[in-house]
There are 2 protein chains.
Amino acid sequence: MVAHTSLEGRECPIARSLQHVGEWWNILILRDALAGFTRFDELQRNLGIAPAMLTKRLRALVEAGLLEKRLYSDRPQRFEYVPTARGEDFRDVLVALLAFGNRHFAPEGPSVTVVDTRTGIVADPVMVDAASGRPLSDPAFRWVSGPMAGSQTRSRYVMGPPEGGQRW
Amino acid sequence: MVAHTSLEGRECPIARSLQHVGEWWNILILRDALAGFTRFDELQRNLGIAPAMLTKRLRALVEAGLLEKRLYSDRPQRFEYVPTARGEDFRDVLVALLAFGNRHFAPEGPSVTVVDTRTGIVADPVMVDAASGRPLSDPAFRWVSGPMAGSQTRSRYVMGPPEGGQRW
DNA sequence: CAGTATCCTGTCCGATACTG
DNA sequence: CAGTATCGGACAGGATACTG
C-alpha cells in the first residue's frame, strides 16, 4: 500500500511497483506464497508475523491483484491465498533480490539458491534482454524515459530529469 | 536499515537484501544514483524528499556499502554519492522492478524502458540462468535451502520451512 | 484453524527553519 | 549548495486477548 506517502502520483514504473510491494512484509509474504505456503497459519508461523499484520498485508496483496483469496474448504470456511498470474510475474524481482543477497550479504555462503531440479545444478541469475540474450548490465543499455518510452524513435536518455525537474 | 524490525536475524537472502533496501526511499535513491544523479541537491529536487530524510538514507546506503561518499570539491567541501560495485550490482533488482511495473502498473504504457543505445531497440528484461540462458520462470527451477545451498548434492526443496518451523 | 479487536511503541516521513 | 535541527502526525508493526 504505502498509499499515504509520496510514492503516490509518480510515473516511474519502479515507484509504481513500490506502491504495491514497497513494504517488506509484502515481499516476504509473496516469497512464501510463491514457494507454496498459501494458508494463513503457514504464513504466520513461517514468517513470524503478527496475525493482525498478516491480515492487513494479505488484504493489500489481494487488492493489488497479486494474490487471490480462494475458498478451499466449505465447512468450516477456509481460504488460501494463491499467487495470481501477476503474482507469479513478481518472481523475477524476488530472484533478483535473492541473488543480490547471496552475493553481498551472505558471509557464510548462500542459504537459499535457485536450482534446476532436473540437473541439480545451481543457477546463476542474471537479467538479460529476452530477444538478444545480452545481460542488461552491459553499459550499452540505458534507461530511457519519455512519453510512451516503448517507441524506438524520439526517446531521450535519462541523464537528466524527464521534464526539467519533474519527478519520475 | 529497518534494523529494528523482525527482519533481523533471518537467513533468507531475500530478507537479508531487504534489511538494506527494504525501505522504498533507498530504492528510489539508488535508482537515481545509478542513473547518474549523485549530488545532494539533485537527489533532493529529483525525488522530492525532505533533506533530513535524504541525509539519513544516504548515510544508511553508505554504511551498507552501496554508495560511496566522495569528495569532489575542496573549497567549499562538497561530496557526491556514487554507487559502489555493490551498488552497481543492485541494478538487476531495479530492472526487475521496472519491468514488473511496466507490465502491471502502467495503464498508459511504459514511461521508462531499458534501451540498447546502439540499436535503439527496447529491451525485454528477463531473469535467466547465466550458464544455460534458460529463463528462471521455468518450473524446473526451484528455490532450494539448506546449509550451504551452493552444493549440488544434499539439497532440499523449499516446500517446507527449512528446519521445521524455523524462519528463513 | 483463521482470523478480529485493541493497545502501545517506534519511526518513517513531511514541513519548516536555520547554518557555513 | 549541502546539509543540520526540530516538530508533529500517521502508521507500521509487535504483543496479547478473544471468537467461531
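Sequence lines set the chain letters: A, B, ... in the order given, protein chains first and strands last, and positions in each chain run from 1.
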Looking only at side-chain atoms of B:Glu23, point me to the closest of C:dC1, D:dT4, C:dC13. C:dC13
Whole angstrom value for the distance that separates C1' of C:dC12 from CG of B:Leu18: 17 Å
What's the CD-C1' distance between A:Gln77 and C:dT4, to the nearest Å? 16 Å
Atom CD1 of B:Ile49 and atom C1' of C:dC12 are separated, to the nearest Å, by 11 Å
Would you indicate, yes or no, if C:dG14 has its OP1 or OP2 atom less than 4.0 angstrom from a side-chain nitrogen or oxygen of A:Ser6? yes
Scan for side chain to side chain donor-acceptor pair (under 3.5 Å) pairs involving residues 69-78 of chain A, sequence neighbours excluded, and state none if there are none. A:Arg39-A:Tyr72
I want to check one thing: is the phosphate of D:dA12, taken as OP1 and OP2, less than 4.0 Å away from some side-chain N or O of A:Lys56? yes
Watson-Crick or G-U pairs under 3.5 Å in DNA chain C, rendered as dot-bracket with [ ] for crossing pairs and | for another strand: ||||||||||||||||||||
Between P of C:dG20 and CZ of B:Arg75, the distance in whole Å: 17 Å
Mind calculating the distance between CG (A:Leu47) and C1' (D:dG14) to the nearest angstrom? 14 Å
Closest listed nucleotide, where the reference is the side chain of A:Phe79 and the choices are D:dA5, C:dG3, C:dC12: C:dG3
Kindly say if A:Trp24 contacts the phosphate of D:dA12, meaning a side-chain N or O under 4.0 Å from OP1 or OP2. no
Could A:Arg86 and B:Phe105 be counted as a cation-pi pair, given that NZ or CZ must be under 6.0 Å from the ring centre and within 45° of the axis? yes
Check: B:Leu43 and B:Ile49 side chains under 4.5 Å, non-hydrogen atoms: no
To the nearest Å, give me how far apart CZ (A:Arg10) and C1' (C:dC13) are. 12 Å
Check every strand shown and say whether B:Arg78 touches a base, only sugar-phosphate, or nothing at a heavy-atom separation below 4.0 Å. base
Nucleotide C:dT4, atom C1' - distance to CZ of A:Arg59 in whole Å: 10 Å
Are A:Pro125 and B:Asp129 packed together at the side-chain level, in the sense that at least one heavy-atom pair is separated by less than 4.5 angstrom? no
Chi angles and distances behind the side-chain contact (heavy atoms from CB on, under 4.5 Å) call for A:Arg59, A:Val62: CA-CA 5 Å; A:Arg59 196 187 323 270; A:Val62 168; 5.8 Å; no
Report yes if a side-chain nitrogen or oxygen of B:Trp25 is closer than 4.0 Å to either non-bridging phosphate oxygen (OP1 or OP2) of C:dG14; otherwise report no. yes
Which nucleotide sits closest to the side chain of A:Ala50: D:dA15, C:dT4, C:dG14? D:dA15
Taking the side chain as every heavy atom from C-beta outward, state whether A:Leu94 and B:Trp143 have any atom pair closer than 4.5 Å. yes
Taking C:dA2, D:dT4, C:dG3 as options, the one with an atom nearest any side-chain atom of A:Thr55 is C:dG3
Run the side-chain hydrogen bond (donor to acceptor under 3.5 Å, both in side chains) test against A:Asn102 and tell me which residues pass, sequence neighbours left out. none
Are B:Leu97 and A:Leu136 connected in the hydrophobic side-chain network, where two residues link if heavy atoms are under 4.5 Å apart? yes
Under 4.0 angstrom between B:Tyr72 side-chain N/O and D:dA2 OP1 or OP2: yes
Write down the distance between CZ (B:Phe40) and P (D:dC1), rounded to a whole number of angstrom. 12 Å
Using OP1 and OP2 only, check whether a side-chain N or O of A:Arg39 sits under 4.0 Å from C:dA2. yes
